[in-house]
Asker: 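Quick one: the structure is below, and I'll ask about it shortly.
We count ligands from 1, going down the list as the structure has it; atoms in each ligand are counted the same way. The figures here come from the full heavy-atom set of this structure, side chains too, leaving out hydrogens, waters and symmetry mates.
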Amino acid sequence: MKIVHDTTVITPSGDTVRTLRGHSLVFDDTRVVKLGPAEEFQRRIEGGEFAEVIAGRQHVVIPGLVNTHHHLYQSLTRCLPSAQNERLFNWLGKLYEYWRHLDYEAVNIAAKVSIAELLLSGCTTTSDHFYMVPRGSDVKMEAVLDAAEELGIRIHLCRGSMTLGESRGGLPPDDCVEDDVDVLADCRRVLDRYHDASDYARRRIDLAPCSPFNCTRELLRDTVVMARERKSVLLHTHLAETLDEERFCLERYGCRPVRLLADLDFLGSDVYLAHCVHLNDEEIELLAKTRTGVSHNPSSNLRLGSGIAPIRKLLDAGVRVGLGVDGSSSNDGGNLLGEARQALLAARALQTVEGGKANDNAALFPVSDAFKLATVGGASCLSRPVLGHLNPGAAADFTMFRTDDIALAGGFAQDPLAALVLCAPPRADCVYVAGRLVVHAGRIVALDESELSERMNEIVSARFRSV
Ligand SMILES: [Zn+2]
């Protein structure tokens with residue numbers, strides 16, 4: 001067992017978030033064993049009971065953050081000039097031209113870049129929605145799984161898919177989509193090989209058709225059946241992200257996106273949906289009633305001009321809401337702590353836009369709710385009760401920020417939780433996943449960041465940049 005001694009711990013607990021100064025955290029290579037006042041452990045430390053004593057006085061410790069939506073490969077096309085000022089459908093149109101050149105190495109390097117960014121922001125678990133398998137390429141799910149294993153992040157790899165090409169009324173070019181039968185066969189393969197249903201699993205596979213406008217209805221249906229046969233397998237997809245998508249569904253299927261999924265039995269406690277920006281009150285009720293989770297991606301929604309998801313209403317209705325940074329082509333920085341801040345700002349803006357004068361004196365979206373989105377909210381979306389907090393029994397996933405980081409100066413003395421959410425997000429100093437140190441002194445342990453960045457820039461310059 002190891003101990004982080006005499007530190008400040010911030011953890012969700014029940015409905016609140018507790019800030020515990022002068023506390024110590026005991027953990028092994030799986031879970032948190034004990035959390036209590038530092039003085040309780042002094043004698044045991046002197047008795048040499050712990051394999052390692054980590055001095056925590058200059059740190060604030062939080063649970064590893066949980067990211068519920070990403071496309072790790074998209075760091076290849078972040079800041080792409082032709083897609084900087086476009087809304088979703090045009091943005092996708094510009095990007096497919098580049099993504100059709102993906103290969104195993106490009107995906108693997110890009111995934112490492114995106115994972116490194118997440119870890120350095122304090123995130124220890126990520127979902128990755130990987131749906132882009134160009135025809136004839138050597139791209140496979142292992143490109144992402146290998147990157148996660150190398151850097152040490154906990155992952156839910158969503159075996160994504162697109163099967164409705166342009167010639168059949170979908171959005172992507174035909175050479176960017178797969179056949180339904182090939183997708184289902186590969187879903188089966190990766191589930192058999194990699195899915196770990198155990199409580200503290202470091203790797204799970206979720207099934208994730210990309211969206212209503214690039215998947216056949218049959219694929220959506222068959223994917224639901226496959227996931228439910230396996231019991232512990234979650235379903236994920238993009239939904240109600242833009243008004244364009246709403247129009248597409250009304251024209252092609254004669255109903256709004258949520259109704260389309262409801263009719264396919266694609267709602268439930270084993271489902272989490274990315275975005276959910278454009279929902280009416282009935283749809284919010286339906287998500288609550290079916291226990292469907294929502295992954296909120298405010299930066300991406302703002303970057304693409306899609307809108308602001310009604311998070312206050314969703315939370316008040318009892319919907320499980322987590323946070324996502326989304327792919328780096330629509331949120332060019334994958335910083336989950338920064339995303340909690342963005343969620344708070346977006347929710348407050350929406351309060352004013354919707355409430356107007358009537359809401360002048362209503363309390364604003366609170367700091368603790370933003371923190372919960374990035375921790376227990378995400379864990380709930382991923383059906384992982386051991387993640388997102390640091391109470392005994394939690395997974396040994398946590399992040400240590402230095403309290404003398406200039407970004408927190410003054411703020412830490414006022415309120416450590418508010419400092420982390422409201423100040424500019426500091427860089428993580430140490431990050432542990434399953435009790436293993438994966439970030440040390442602000443650097444990724446498993447690789448050289450400069451070398452990785454150089455290789456990434458070479459690949460982007462050679463194949464993913466407009467000339
Ligand atoms: Zn997405």
Asker: Do E142 and Y194 pair up side chain to side chain, a donor and an acceptor below 3.5 Å, judged on atom types alone?
Answerer: yes

Asker: Only distances under 3.5 Å count here; give the side-chain donor-acceptor pairs of residues 164-173 to other protein atoms, sequence neighbours excluded, each with its distance to 0.1 Å.
Answerer:
{"residue": "S167", "atom": "OG", "partner": "D174", "partner atom": "OD1", "Å": "3.4"}
{"residue": "S167", "atom": "OG", "partner": "D174", "partner atom": "OD2", "Å": "2.7"}
{"residue": "R168", "atom": "NH1", "partner": "T163", "partner atom": "O", "Å": "3.2"}

Asker: Between D103 and S137, is any pair of side-chain heavy atoms under 4.5 Å apart?
Answerer: no

Asker: Indicate yes or no: does E458 engage R463 in a salt bridge with an N to O separation below 4.0 Å.
Answerer: no

Asker: Is it the case that the ring center of H156 lies less than 6.0 angstrom away from the ring center of H236?
Answerer: no

Asker: Side chain of H129, backbone of A208: donor and acceptor closer than 3.5 Å?
Answerer: yes

Asker: What is the total of protein N/O/S atoms that are closer to the Zn ion (ligand 1) than 2.8 Å?
Answerer: 4

